[in-house]
Amino acid sequence: MQITKTIKKLVSEGKADRVFGWKKGELGFDTEPALFTEDFDSVVYNSLCGANLCKYMINETKKDGTVLLLLKPCDSRGLQLLTKEHRVRREKIYALGVPCRGKIDVDKISDKGIKGMIDIQENGDTLTVVTLYGEQTVPRQDVLYEKCLSCVGKEHVGCDEVLSPELSEDTTVNDRFAGVTALEEKNPEARFAFWRSQLSKCIRCNACRNVCPACSCVKCIFDNPSSGMDSKANADDFEENLYHIIRSFHVCGRCTDCGECSRVCPEKIPLHLLNRKYIKDIHKLYGDGDEAALLTFTKDDAEPSVVYERGEGHA
Amino acid sequence: MQRIGVFVCHCGSNIAAAVDVKQVAETLKNEPNVVFAADYPYMCSENGQQLIRNAIKENQLTGVVVCSCSPRMHEATFRKTAEESGLNPYMVEIANIREQCSWIHKDRMTATAKAVVLGRAAIAKVRLNAPLTAGESPVVKRALVIGGGIAGIQTALDIAEAGYPVDIVEKKPTIGGKMAQLDKTFPTLDCAACILTPKMVEAAQHENITLYTYSEIEEVKGYVGNFRVKIRKKARYVHEDLCSGCGVCTQKCPSRKGGNEFNLSLDKRGAIYIPFAQAIPNVPVIDTEQCLKFKTGKCGLCQMNCAAKAIDFSQQDEIVEQEYGAIVAATGFNPISLDKFGEFGYQTYPDVVTSLEFERILNAAGPTKGHLERPSDGKPPKTLVFVQCVGSRDTSGRGKEYCSKICCMYTAKHAMLVREKYPDTEVYVFYIDVRTPGKNFDEFYRRAVEQYGVHYIKGMVGKVYDDGAGHLMVRASDLLANEQLTISADMVILAAATEPDKTARSLATMLTASMDTNDFFTEAHPKLRPVESPTAGVFLSGFCQGPKDIPETVSQAGAAAVKVIGLLSKNKLKSNPCVARSDSLVCSGCSNCEKVCPFGAITYTEAEVNDGTGKEIRRIAVVNEAVCHGCGACTVACPSGAMDLKGFSSNQIFAEVDAICR
Amino acid sequence: MRKLSSDRMSELFERLDSLCPLYLPGEKDGAVSFVRYEQGVDYAVGALNTVRSAKDFFFPQVENIAAFRMTGKKIEILENQNGNEPFVVFGVRACDAASFSLLDQVFLSEPVDPYYRDRREAGTVITVACGEPDTSCFCTAFGIDPAEPKGDISVWLTDGFLYWQPRTDKGENLTENLTDILEECDGGEIKSYQDTIKTIANQLPLANLNLSYWENTDEKEIFASPVWDEIYKGCLGCGLCTFVCPTCQCYDVRDFDCGETVRKFRCWDSCMYSDFTRMAHGNPRKTQKERFRQRFMHKLKYFPENNGGLVSCVGCGRCVRSCPQGLNIVKTARRVSDD
Amino acid sequence: MPMNENGEFTPLIVAFCCNWCSYAGADLAGSGRLAYPAEVKIIRVPCSCRVNPTFILRAFQKGADGVILAGCHPGDCHYSTGNYYTRRRMTLLFSMLEYLGIEKERTRVEWISAAEGAKFAATMNDFAAKIHELGECKRLEDLRCK
Amino acid sequence: MTERDYCEEALLLSGVHPEKCMKCGKCSGACPSYDEMEYHPHQFVDMIAKGQIKKLMESESLYHCLSCFVCVERCPRNVMPANLVEAVRTLRERSIGNDRLKPDDVAALLDEETPGQLLMAAFRKYSK
C-alpha cells in the first residue's frame with residue numbers, strides 16, 4: 001500500500017516517531033483509531049475509516065516526539081481549528097493528507113436488509129458484501145455516510161503533505177444546506193414537532209460532544225459542577241434541548257461541518273442540521289470570513305430583528 | 001452560610017406610597033439565610049445608615065440587601081456604610097424598588113409583590129457574593145483637553161495653574177473657537193476679542209500647557225489614570241518653529257478663491273492663510289485643495305518669499321503619542337445646517353443670514369469692517385427682521401428638539417447693537433417665547449424693547465420670498481394682534497439652532513463615553529456630577545455637554561478642571577474590582593476571550609496546572625485586572641465557562657434568574 | 001404452548017394494551033426503541049435490538065426519588081414512588097431478558113432498591129426469539145440461547161404463526177386473559193425454527209468469544225496488563241457504550257432546583273465520564289485509560305467475582321454496533337487475553 | 001398558567017439591562033413615572049455582552065414567558081464594542097431558536113439609551129403585550145418547574 | 001353631542017394632539033389663506049383645545065382653507081393644523097346629515113372665490 005510506504009519513509013527520515021491512523025477491528029469490516037509505534041504494515045486506510053482522528057492530537061501532542069497523523073480532507077479542517085485555538089501543538093504533528101472518496105456507513109448496508117455481514121470488499125463503485133448467507137453487491141454511492149453526501153470539499157487544508165489528492169472524489173450529491181432549507185420552509189409548529197421528536201431520543205451519551213473537534217474544552221460546562229449548568233441526564237424533555245442548543249451555540253462559527261456528530265449518534269439524530277443552520281446564517285449575514293463569526297463584528301451588522309422581519313417559511 | 005440582612009427603605013412616601021414596605025421586610029425575613037430584616041423611612045440618611053451599621057455588627061451579617069432606589073443612585077453610599085462596619089463593601093446588593101417598582105406601578109398589591117421578587121433576586125445574588133478588593137493603579141500626572149475654545153482654554157488654564165501639565169488638541173489651525181468669532185458678548189456688551197485673546201495668549205505661553213493645533217485625536221486606549229492617546233498633527237506645510245508670523249506669504253499668495261472660514265465665507269482668503277489676526281499660534285496653514293502648488297505643481301511663491309524658510313510642501317502628518325491621567329472633552333458646537341428650512345430662503349437670498357454670520361458683519365475685523373452692509377449689494381439695510389427658534393424646539397425631524405438657550409440673548413444683543421449704531425433702522429424680532437433666566441438677562445432684553453425700540457412680535461415667520469422687485473418679503477403671524485403680517489425687509493437674520501460638533505460622536509466612541517440622542521455627552525449624574533462622564537477619567541466642559549452661554553461655559557470649565565486636578569493629585573487609583581477572572585483549572589487556552597476583549601486585558605501564559613489529574617503545563621488566559629473594565633464580553637466567548645466576571649458571576653445571574661422565575 | 005396467526009398480531013397487541021399499558025419496539029425517526037403501543041404503532045418486527053436496552057423499564061435513565069418543598073425556612077419532604085402500575089413489555093430479546101437477572105443481583109440483593117423492585121414486580125416481560133441473529137451478536141458466549149429466550153412469556157415468530165409459551169406465574173396469569181385468541185398447540189412446531197437460529201448463532205464471527213483467560217487469571221495481573229495502554233487510545237470518553245448497555249447499572253443522585261421545590265433524582269452515570277464517582281479530590285480514576293479499564297474489569301472480572309461467576313455482559317452487541325470509534329467489549333476481552 | 005386575581009394570564013418577563021444605558025433608561029422611565037407591566041423584572045448586567053445565551057435559556061427553563069435584552073445603541077457601548085458582539089450572538093441565537101420552532105416574538109433585543117426612558121417603557125409595554133398575546137411559553141419550559 | 005364631544009371627535013378624526021402646540025404661530029405665519037379666514041390655523045388648534053368648536057363649525061373659514069398643508073409642513077412640533085381644519089369640516093358636513101352635495105348642484109356652486117379643488121374634494125368625500 002502506498003500509505004504504508006510513505007509512512008515508513010517519513011518515519012525513517014525522522015519526520016515522525018509514531019503514527020496515528022486506523023487499524024483493522026474484530027470484524028471483517030470494522031476499523032478503529034490506533035496509535036502505531038512499529039508494525040506500520042498494520043495501518044489500514046480504506047472506505048471504512050470514517051472516524052475523524054484530529055481530536056486525539058490534544059493528548060498526543062502533550063507527549064514528546066512528533067506524531068504522523070492521517071487526515072481526510074474534512075479532518076484537516078478540524079486540525080486547523082484545533083491549531084488556531086492552540087489546542088494542539090502543531091509542531092509536534094506531521095499532517096499527512098490522505099485521499100477520500102466518501103466513507104461507508106455500515107448501518108446503511110444493514111438497512112438494505114443485508115444480514116450476517118462478514119466482510120466488505122471494494123471494487124470501484126461497487127461493494128461486495130460477504131455474508132453468512134452468501135455474497136451481495138451494493139452500489140457504493142448508496143451506502144455513503146450522510147456527511148459524505150453533502151461534503152464541504154475534498155481539498156486538504158494545512159497539511160504538511162497530501163498523498164495522491166487525485167484519488168479523492170467529489171461525493172456531494174446534496175446541496176449542503178438543503179436539509180436546513182427544508183426545515184426553514186416549514187412552519188414553526190412543524191419545526192418544533194420535528195426537533196422535539198428528534199431531540200427527545202437523545203440519551204445524553206455525549207458522543208456528539210466528545211467526537212467534535214470544536215468541543216475541545218478541558219472541562220465542558222455540562223460536566224463542571226461549578227458552572228451552574230452541569231447535568232448528566234436528559235431528566236426532562238427540556239434538558240436535552242438545552243444541551244443541544246447550547247452545544248451548537250458554543251461551536252457556532254467554529255464548527256468545521258465534519259459531520260461527526262450525526263455519524264456517531266446512536267439515535268440517529270441529525271445534529272448536523274443544528275450546526276449547519278448556524279453556518280448558513282453566518283454565510284448569509286456575515287459572509288464567509290476566516291475569523292469565527294462570534295469573535296468579530298462589523299459596525300453595520302444585521303440587527304437581531306432580522307429574525308422577525310424575514311417572515312415565516314423564509315429560506 | 002451567609003447571614004443576610006435586608007433593609008427596606010420607604011424613601012419617604014416615594015416607595016412606601018405604592019409598596020407595603022413592612023410586608024416586604026416581613027416576607028423577605030423568611031427567606032433562607034436572611035437573619036435580619038427592617039424597614040426605615042430614609043435608609044440613605046445618617047440614621048438609616050446607622051441602622052444598617054448596627055445591624056451588621058449585632059447580627060454578624062455577612063451580606064446586606066438594601067431595597068431602595070436605583071443602585072446607580074446609592075449603591076456607593078451603602079457600600080461605604082457596610083465598609084464602615086467592617087463588612088466588605090461588595091457584599092452589598094441593591095434591589096431597585098423605587099424606579100423599577102413603586103414609581104411605575106400604581107396597584108399596591110402588584111407593586112408589593114414585585115418588590116418582594118426583586119428583593120429575593122438580590123438575596124439570591126448576595127448569597128453568592130464574595131468579598132472583593134479593589135486593585136490599585138498609578139496615575140499619569142498629565143491632562144488632555146480636546147477642543148481649544150473658551151471651554152478648553154479655561155479648563156487647561158485652571159489645570160495648568162494647579163501645576164499639572166496639560167495638552168490642548170484643537171482641530172482648527174488656531175485656538176479660540178466660536179467665542180473668537182463673536183463681536184460683543186451679552187449682557188455686558190463687552191468685546192469678545194478683548195476678553196478672549198488674553199486668555200489665548202496666556203494658554204500659549206503657559207509653561208504647563210502644550211498646544212496641538214490643526215490636530216486630531218487618532219486613538220484613545222487605556223483607562224482612568226492611564227490613557228494612551230495618539231494625536232495626529234496634520235501637516236500645515238509651515239514649520240511652526242521656524243515661522244515668524246510675518247504674514248508675507250499670505251499676501252503673496254495668488255490664489256484668492258477660498259472662502260474665509262473665520263468669516264463664514266462672507267469674504268475670501270488666500271490658499272496660505274492665518275485664520276485671523278490674533279490667531280494662536282500665529283502661523284499660517286496651506287489649504288491644499290486651493291493651493292496652486294499642490295494642484296498644478298507650479299507656483300511656490302509663498303516659499304520663495306518666506307525669509308524664515310518655514311514653508312515645506314513635503315511636510316507629512318505626524319502622530320504624537322502621549323499618556324494622560326485624565327481627558328476633558330470640550331468639543332463645542334456649530335449652528336445646524338439650514339438645508340431643510342427652505343421657507344426662510346437662506347440658500348436663495350444672500351440677505352438672509354445666520355446670526356453667526358451677522359456677528360461677523362457687525363465685527364470690526366469682519367468682512368464689512370464692522371459696517372452694517374447687506375451681503376447682496378453692500379447697501380445699509382433699513383429694515384431688519386430677526387427670526388428666533390429656527391430649528392430649535394423642533395420635533396418635526398427638521399431641527400433639534402431642545403432649546404438652544406443662547407439665541408434669545410444674542411438676538412436681543414444684535415437688535416440693540418443695530419438700533420444703537422443705526423437709529424434709522426427698523427428692527428423686528430419674531431419670537432415664540434423670550435427666555436431670559438440669567439443674571440441681568442431680562443433687564444437686557446427689556447432694554448432692547450423699551451430703550452432701543454426693537455419691535456418684538458409674538459409669532460413666527462412662515463415664509464420669506466422675493467416680491468419680484470428685489471425686495472425680501474417676510475410673511476409672519478402676529479399672534480397677539482391675530483394678524484398676518486408681511487414685512488418688506490432688507491435683511492433677515494436667522495437664529496439657527498445649535499448642535500454639538502460633528503466630531504464629538506467619533507470621539508465619544510474612542511473615549512467609550514456615552515452620548516444622548518442629540519450627541520451631547522451624557523454626564524455621570526444630571527444634577528450631582530454634571531461635569532463628569534460616566535466613563536471614569538473623562539470630563540466634560542462647555543457646550544459639548546449641553547447648550548451653554550459663555551459665563552456658564554467658563555464656570556463649567558473651571559469645575560471640570562477641579563475634577564481633573566482632584567484626580568491628578570492622587571498617586572494611586574483604586575480600580576473596579578468587578579473584573580473578569582479566568583479559572584486556570586478549566587481554561588483551555590483557546591484565545592477566544594482575547595479576541596473579543598475591547599481593552600486588550602487578556603494575555604496568555606504557559607502555566608503549570610493541576611486539576612486533580614496530575615500536573616500539566618497548559619496555555620491559560622490571564623486577566624490584567626488594571627486594564628479590564630469588566631464588560632463581560634469574554635465570559636460569553638468562553639465556551640467552557642472558565643472566564644467569569646467578579647460581582648456579576650454566571651452563578652449569581654443564574655441565581656437571580658431562578659429567584660425571579662420562582 | 002399456544003399460537004396465533006401472524007396476521008392477528010395487532011389484535012393481540014390491542015388486547016394486551018387493554019389489560020395494562022403495553023410497550024414494544026417501534027421505529028421513531030429512524031431509530032428503534034421501546035414505545036408505548038397505540039393504534040398506528042408498528043411493531044418493529046425486523047429489528048434485532050432497540051438502541052436503548054430494555055433495562056429502561058426497571059431502571060429508567062432518570063427517576064425522581066423525592067422532592068423537598070421549602071416554605072420560608074421550613075423544608076418538607078415529598079416521597080416519590082410511582083413505579084407500581086402494572087405494564088407489559090413485548091419483544092424483549094434473549095440477551096436483554098438475561099440482563100434482568102444481572103440487574104436483580106445488584107438491585108434486589110440487600111439493601112433492596114425499592115424503586116427497582118416495584119417496577120420489576122409490576123412489569124411482565126414477553127420475550128421474542130431471535131430468528132436471525134446478526135453479525136454483532138454473541139449472546140451464546142454467555143450461555144444464552146437466542147432460540148429459547150427467558151422472561152415471563154416467550155414468543156417465537158415463525159412464518160405465519162406466533163407461538164406463545166408462558167414461563168412464570170405472571171406469564172400464566174396474563175395468558176389466562178387471552179385464551180380466547182391464543183389457541184393451544186404443542187411445541188414441536190417450532191423445533192426446526194430453533195435449529196436454524198442455533199446454526200446461524202454458531203457461525204457468527206463473535207460467537208466464539210472465549211473468556212477462560214479472564215476466569216483463570218489473577219485480577220491484578222489483568223489489571224496490570226500493558227495492553228490497556230494501547231487499546232484505550234481510540235476511546236473518546238463518551239458514555240455511549242454504558243448508556244446502551246443492558247447490564248450497566250451505575251447511577252448518580254442529583255438535585256434539581258424547581259423554585260419552590262427541589263427534586264432529588266437519580267440518573268444513569270457512566271464510568272467513562274471524568275466526573276464519575278467524583279469525590280472531594282475529583283475522580284479517583286484520573287485518566288481515560290483507567291476509566292476504560294474499569295468498565296471492562298468490572299464487567300468481566302469484578303462482577304463475576306462478587307456474583308458467583310456471572311459475567312456482566314449478555315452479548316447483545318449494542319456496543320459493537322454503536323461505538324463511534326469501533327471499540328467494544330469483545331475486542332477488549334480478546335486483546336487483553338491475547339486471543 | 002399563572003393568573004392574577006382577575007383570572008388574567010400574568011406572564012413572567014425577564015429583562016437583562018446593561019448598567020450604563022438601558023438600566024439607566026429604566027431608571028429614567030421610573031422617574032418619569034412611565035408605567036409598564038410589573039411582570040417585567042429587570043436583571044442588571046454591566047454590558048449586554050455579559051448576557052450568556054445560557055441565562056436566556058435558563059430563564060425559559062424556569063418558566064419565563066419572554067426574555068428581552070436591552071443595551072446601549074451600537075456605537076455607544078460604554079465598553080465601546082460590547083454590544084456589537086451582543087448583536088451577533090443574539091441574532092444567531094434567536095435565529096436558531098426560531099429554527100427550533102420557538103415563537104420568535106418571545107425573545108427580543110432593543111437598544112435603549114440612558115436618555116430614552118420613554119422608549120424603555122414603550123418597549124416593555126409592547127413586549128409584554130406580545131407575550132400576553134402568545135400566552136404561556138410551553139416550548140422551552142422545564143416540566144419539573146411547572 | 002355636546003360641544004366637548006365634537007372637540008373630542010375632531011381630535012379623534014384628525015389624530016391631532018393640540019397639547020403639543022407651543023403657540024409659535026408659524027402655521028398662521030405661513031398660511032396663504034390667512035386673510036380670507038375668520039379663524040386662522042393656530043386658532044383652530046387653540047380653540048379646540050379650549051372646547052370652542054361651535055364657532056369654528058359655523059365659520060366660513062372652513063371653506064377658505066386650501067388644504068395646502070403648508071401649516072403641517074412648517075409646524076415645528078408636528079401638530080398638523082390642516083388635519084384639524086379638515087376634521088372640523090367633516091364634522092360640519094356630517095351635521096348637515098343626509099342632505100349632501102349632488103352632482104347636479106356642483107356647477108351652481110362654482111364661483112370665482114371658491115377653489116374648485118376644494119369642491120371636488122368635498123364632493124368625493126360627502127357624496128357616496
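Residue numbering restarts at 1 for every chain, and letters A, B, ... go by the order of the sequence lines. The shown structure was predicted, so the numbers you read here are calculated from the model rather than taken from an experiment.
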**Complete:** Bottom line for D:Glu39: the part with an atom under 4.5 Å from chain B's heavy atoms is neither

**Atom group of B:Ala508 that falls short of 4.5 Å from chain D, counting heavy atoms** = neither

**Request:** Give, as side chain, backbone, both or neither, the part of B:Met109 having an atom under 4.5 angstrom from any heavy atom of chain D.
**Result:** side chain

**Fill in**
So, the part of D:Ala24 with a heavy atom under 4.5 Å from chain B: the answer is both

**Asked** Do D:Arg50 side-chain atoms and B:Phe648 backbone N/O form a donor-acceptor pair below 3.5 Å?
**Response** yes

**Request:** Please state whether the side chain, the backbone, both or neither of D:Ala115 comes within less than 4.5 Å of a heavy atom of chain B.
**Result:** side chain

**Request:** Against chain D, work out which of B:Thr509, B:Val117, B:Asp658 has the most heavy-atom pairs shorter than 4.5 Å and name it.
**Result:** B:Asp658

**Fill in**
dist D:Asn19:CG -> B:Cys631:SG (nearest 0.5 Å) comes out at 12.5 Å

**Item:** Heavy-atom contact with chain B under 4.5 Å, split by part of D:Tyr23
**Value:** both

**Prompt:** Taking B:Ser70, B:Ala121, B:Cys578 one by one, which has the highest count of heavy-atom pairs under 4.5 Å against chain D?
**Reply:** B:Ser70

**Prompt:** Between B:Asn14 and chain D, which part of the residue has a heavy atom less than 4.5 Å away: side chain, backbone, both or neither?
**Reply:** side chain

**Message:** With chain D as the partner, which of B:Thr110, B:Thr522, B:Asn96, B:Leu118 has the greatest number of non-hydrogen pairs under 4.5 Å?
**Reply:** B:Asn96

**Prompt:** Should the heavy atoms of other residues, nucleotides or ligands under 6.0 Å from NZ of B:Lys221 be counted, would the total exceed 12?
**Reply:** no

**Nearest-0.5 Å distance, CD1 of residue B:Ile104 to CZ of residue D:Phe120** = 7.5 Å

**Asked** At a heavy-atom separation under 4.5 Å, does B:Val596 approach chain D through its side chain, its backbone, both, or neither?
**Response** both

**Complete:** Bottom line for D:Val67: the part with an atom under 4.5 Å from chain B's heavy atoms is neither

**Asked** Taking every heavy-atom pair that is under 4.5 Å apart, which of B:Ser102, B:Pro71, B:Ser506 has the most such pairs with chain D?
**Response** B:Pro71

**Item:** Proximal component of D:Phe55, with respect to chain B [non-hydrogen, under 4.5 Å]
**Value:** both

**Request:** Find out whether B:Gln100 and D:Tyr36 are in side-chain contact, i.e. whether some heavy atom of one side chain is under 4.5 Å from a heavy atom of the other.
**Result:** yes

**Message:** Taking side chain as everything from C-beta outward and backbone as N, CA, C, O, which of these in B:Arg505 sits under 4.5 Å from a heavy atom of chain D? Side chain, backbone, both or neither.
**Reply:** side chain

**Message:** Strictly distance-based, threshold 3.5 Å: is any side-chain N or O of D:Lys62 a donor or acceptor partner for the main-chain N or O of B:Ile660?
**Reply:** no

**Request:** Calculate, to the nearest 0.5 Å, the distance between atoms SG and CE belonging to D:Cys72 and B:Met515 respectively.
**Result:** 13.5 Å

**Asked** Are D:Leu12 and B:Cys661 side-chain neighbours, meaning at least one heavy-atom pair lies under 4.5 Å?
**Response** yes

**Message:** Need one label for B:His629: side chain, backbone, both or neither, based on atoms under 4.5 Å from any heavy atom in chain D.
**Reply:** both

**Asked** What distance separates B:Cys597 SG from D:Tyr85 OH, expressed to the nearest 0.5 Å?
**Response** 8.5 Å

**Request:** Using non-hydrogen atoms and a 4.5 Å limit, figure out which bit of B:Ser650 sits close to chain D: side chain, backbone, both or neither.
**Result:** both

**Options D:His73, D:Arg89, D:Lys41, ranked by heavy-atom pairs under 4.5 Å with chain B, top entry** = D:Arg89

**Asked** Taking the side chain as C-beta and beyond, is there a heavy-atom pair between D:Ser113 and B:Asp516 under 4.5 Å?
**Response** no

**Prompt:** Hey, does D:Phe16 have a side-chain heavy atom less than 4.5 Å from the side chain of B:Ile653?
**Reply:** yes

**Heavy-atom closest pair, residues D:Cys49 and B:Val636** = O-CG2, 3.2 Å

**Request:** Using atom types as modelled and distance alone, determine if a side-chain donor or acceptor of D:Arg58 lies under 3.5 Å from a backbone N or O of B:Ala655.
**Result:** no

**Request:** Heavy-atom distances under 4.5 Å only: say whether D:Thr86 touches chain B with side chain, backbone, both or neither.
**Result:** neither

**Item:** Nearest-0.5 Å distance that lies between atom CD1 in D:Ile42 and atom CD in B:Glu99
**Value:** 10.5 Å

**Fill in**
Whatever's closer than 4.5 Å to a heavy atom in chain B on D:Val45 counts as both

**Message:** Under a 4.5 Å cutoff for heavy-atom pairs, which residue among D:Thr54, D:Thr81, D:Ile43 has the most contacts with chain B?
**Reply:** D:Ile43

**Request:** Quick one: pull up OG in D:Ser31 and CZ in B:Arg98 and give me the separation to the nearest 0.5 Å.
**Result:** 7.5 Å

**Message:** Please determine whether a side-chain nitrogen of the Lys or Arg among D:Arg44 and B:Glu93 lies less than 4.0 Å from a carboxylate oxygen of the Asp or Glu.
**Reply:** no

**Asked** Is it the backbone or the side chain of B:Ala113 that comes under 4.5 Å from a heavy atom of chain D, or both, or neither?
**Response** neither

**Message:** I'd like to know which of D:Ala35, D:Gly32, D:Gly82, D:Cys18 tops the heavy-atom pair count under 4.5 Å against chain B.
**Reply:** D:Ala35

